[in-house]
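Presented below is the structure to which this report refers.
Reminder, nothing fancy here: chain letters follow the sequence lines and each chain counts from 1.
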Amino acid sequence: TISMIALHSSGVMAAGTSTNGAGRKVPGRVGDGPITGSGSYVDGDVGGCGATGDGDIMMRFLPCYQAVENLRLGMSPQSAAEDAVRRMLRKYPDVQSGIVVVDNEGAHGGAGSGWTFTYAYRGGGMGETVVVSVPPI
Amino acid sequence: SPGLPMVINTWGGPFTAATDAAYLALLESETSALDAVEIGCSTCEANQCDGSVGYGGSPDENCETTLDAMIMDGTTMKSGAVAALRRIKDAISVARAVLEHTTHTLLAGDFATDFAIANGFVAQNLTTEASAASCAQWKAGGCQPNYRINVTPDPAQSCGPYAPTSLNSSSSSAAAAYQSRGSPEGHD
């Protein structure tokens, strides 16, 4: 799954997700990808979020909605991501998840569980994309 | 923050082609944030990235690949999405058509396919030789792992077709406990 957030130079934001879901799924199964607030979420007033992982579990917690609302409550992107992952871990200690969060000024953070999650970003005058590795909670 | 414009997305490796495509597009004044997200995700759909995006990945029990996508505007908070989209490759672009040409948020299955075709998208087979072969191998191995529980024949041993087994109230929540799946197929 790719979940992406874009920040235009004007400050306007957008987010999106695209995935082919879980392999060997029961036909008709849909995971977190297309669910607004789970696969991705954005409010230009505060920031945006993108997620990946065990979609059957994650879509029950709307982790990206939670992360963006955490930003609105004053958390840093890093803390906002960690809080959203911890809420899932409390009920599903084995869940595989990855959350990347960015505020509307481009400050970013990520959190994950069950594997080593990574995210990529490129902004400002950067000549190439940088990949950040996030140790699992 | 590296400054704006900026693109950030899940995963590295093959996904950075999407990051670059979206970022470079944003350097063009006429590209909107929504355009950049569509360009970035479309790059992964075309390249299949790590196999978890786009055609030819994650076949279901019938060996069919279906696609899920959403796109959201951070100013209007409007969102467009497609779920279990069949026979159309450009999932994120169809999601954008839902956003721009309906007041809905989510269309699903064959109806989403009909909407895509009515919006000029081309129907095509999303199965590749590789996905068909991996699915045939999975079936030959007894369809393991799978997502079935509380059915007969035993889903830990056998393919379907499956029939539900009756549950007494105490067993259903215990039996439905989420079992972590180590295999790559276990996630979106």
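Interface summary for chain B: among A:Gly106, A:Gly112, A:Gly33, A:Gly110, the most heavy-atom pairs under 4.5 angstrom belong to A:Gly106. The candidate with the highest count of non-hydrogen atom pairs below 4.5 Å against chain A, out of B:Ser58, B:Ser32, B:Cys63, B:Ser1, is B:Ser58. Comparing B:Leu4, B:Asp68, B:Leu126 by how many heavy-atom pairs each has under 4.5 Å with chain A, the most go to B:Asp68. The candidate from B:Ala81, B:Ala36, B:Ala83 with the greatest count of non-hydrogen atom pairs under 4.5 Å with chain A is B:Ala83. Looking only at heavy-atom pairs under 4.5 Å with chain A, the residue among B:Ala91, B:Ser79, B:Pro59, B:Ala84 that has the most is B:Pro59. Chain B forms more heavy-atom pairs under 4.5 Å with one residue of A:Ser9, A:Gly16, A:Pro27, A:Gly50 than with any other, namely A:Pro27. With respect to chain A, the highest number of heavy-atom pairs below 4.5 Å among B:Gly56, B:Ser134, B:Cys49 belongs to B:Ser134. Note: A:Pro34 leads A:Pro93, A:Pro34, A:Gly98, A:Gly44 in heavy-atom pairs under 4.5 Å with chain B. With chain B as the partner, the residue from A:Thr118, A:Val131, A:Thr17, A:Asn20 showing the most heavy-atom pairs under 4.5 Å is A:Asn20. Highest contact tally toward chain A, considering only B:Thr10, B:Asp50, B:Val7, B:Ile92, is held by B:Thr10 [criterion: heavy-atom pairs under 4.5 Å]. Of all the listed residues (A:Lys91, A:Met4, A:Arg122, A:Lys25), the one sharing the greatest number of non-hydrogen pairs under 4.5 Å with chain B is A:Arg122. Of the listed residues A:Glu105, A:Met58, A:Glu128, the one with more heavy-atom pairs under 4.5 angstrom with chain B than any other is A:Glu105.
With a threshold of 4.5 angstrom between heavy atoms, B:Ala22 approaches chain A through side-chain atoms but not through N, CA, C or O. For A:Val100, the part sitting under 4.5 Å from any heavy atom of chain B is the side chain, from C-beta outward, and nothing else. At a 4.5 Å heavy-atom cutoff, the contact between B:Thr105 and chain A is made by side-chain atoms alone. Both the backbone and the side chain of B:Thr66 have a heavy atom closer than 4.5 Å to some heavy atom of chain A. Within the 4.5 angstrom heavy-atom criterion, atoms from both the backbone and the side chain of A:Val12 approach chain B. Looking at B:Cys41, both its backbone and its side chain come within 4.5 Å of chain A, counting heavy atoms on both sides. Of the atoms belonging to A:Val42, heavy atoms from both backbone and side chain fall under 4.5 Å from chain B. Contacts of B:Leu85 with chain A are absent, with no heavy-atom separation under 4.5 Å from either backbone or side chain. When heavy atoms are compared at a cutoff of 4.5 Å, B:Thr31 approaches chain A solely by way of its backbone atoms N, CA, C and O. Heavy-atom distances place both the backbone and the side chain of B:Trp11 under 4.5 Å from chain A. At a 4.5 Å heavy-atom cutoff, B:Ser131 makes no contact with chain A through either its backbone or its side chain. Looking at B:Glu45, only its side chain comes within 4.5 Å of chain A, counting heavy atoms on both sides. Residue B:Val82 touches chain A through its backbone alone, counting heavy-atom pairs closer than 4.5 Å. Of the atoms belonging to A:Ser38, not a single heavy atom falls under 4.5 Å from chain B. Looking at B:Leu26, only its side chain comes within 4.5 Å of chain A, counting heavy atoms on both sides.
The backbone N or O of B:Glu64 lies less than 3.5 Å from no partner atom in the side chain of B:Asn62, so there is not a single donor-acceptor pair. Proximity of a side-chain donor or acceptor of B:Thr16 to a complementary backbone N or O of B:Gly13 within less than 3.5 Å is detected. A donor-acceptor contact shorter than 3.5 Å links the side chain of B:Thr102 to the backbone of B:Val98. Counting only distance, with no hydrogens or angles, the side chain of A:Ser40 and the backbone of B:Ile71 share no donor-acceptor pair below 3.5 Å. Judged purely by atom type and a 3.5 angstrom limit, B:Thr65 uses its side chain to pair as donor or acceptor with the backbone of B:Gly57. A side-chain donor-acceptor contact under 3.5 Å links A:Ser3 to the backbone of A:Ala51. Between the side chain of A:Gln78 and the backbone N or O of A:Ser76, no donor-acceptor pair lies under 3.5 Å. In this structure a side-chain-to-backbone donor-acceptor pair under 3.5 Å is missing from A:Tyr41 to A:Gly47. A:Thr1 places a side-chain N or O within donor-acceptor distance of the main-chain N or O of B:Asp188, the cut-off being under 3.5 Å. Panel note: side chain B:Lys78, backbone B:His104; a donor-acceptor pair is recorded below 3.5 Å.
Under 4.0 Å is where a charged nitrogen must lie from a carboxylate oxygen, and between A:Asp56 and A:Arg29 at least one such pair does. Contact check on B:Asp60 versus B:Arg86 returns no salt bridge, with no Lys/Arg side-chain nitrogen under 4.0 Å from an Asp/Glu carboxylate oxygen. With respect to the salt-bridge test (charged N to carboxylate O, under 4.0 angstrom), the residues B:Arg96 and B:Asp73 do not qualify.
Atom CD of B:Glu129 has 12 or fewer heavy atoms from other residues, nucleotides or ligands within 6.0 Å.
Between the side chains of B:Thr19 and B:Asn9, at least one donor N or O lies within less than 3.5 Å of an accepting N or O.
In this structure, A:Tyr121 and A:His108 have tilted ring planes: the angle between them lies in the 30° to 60° band.
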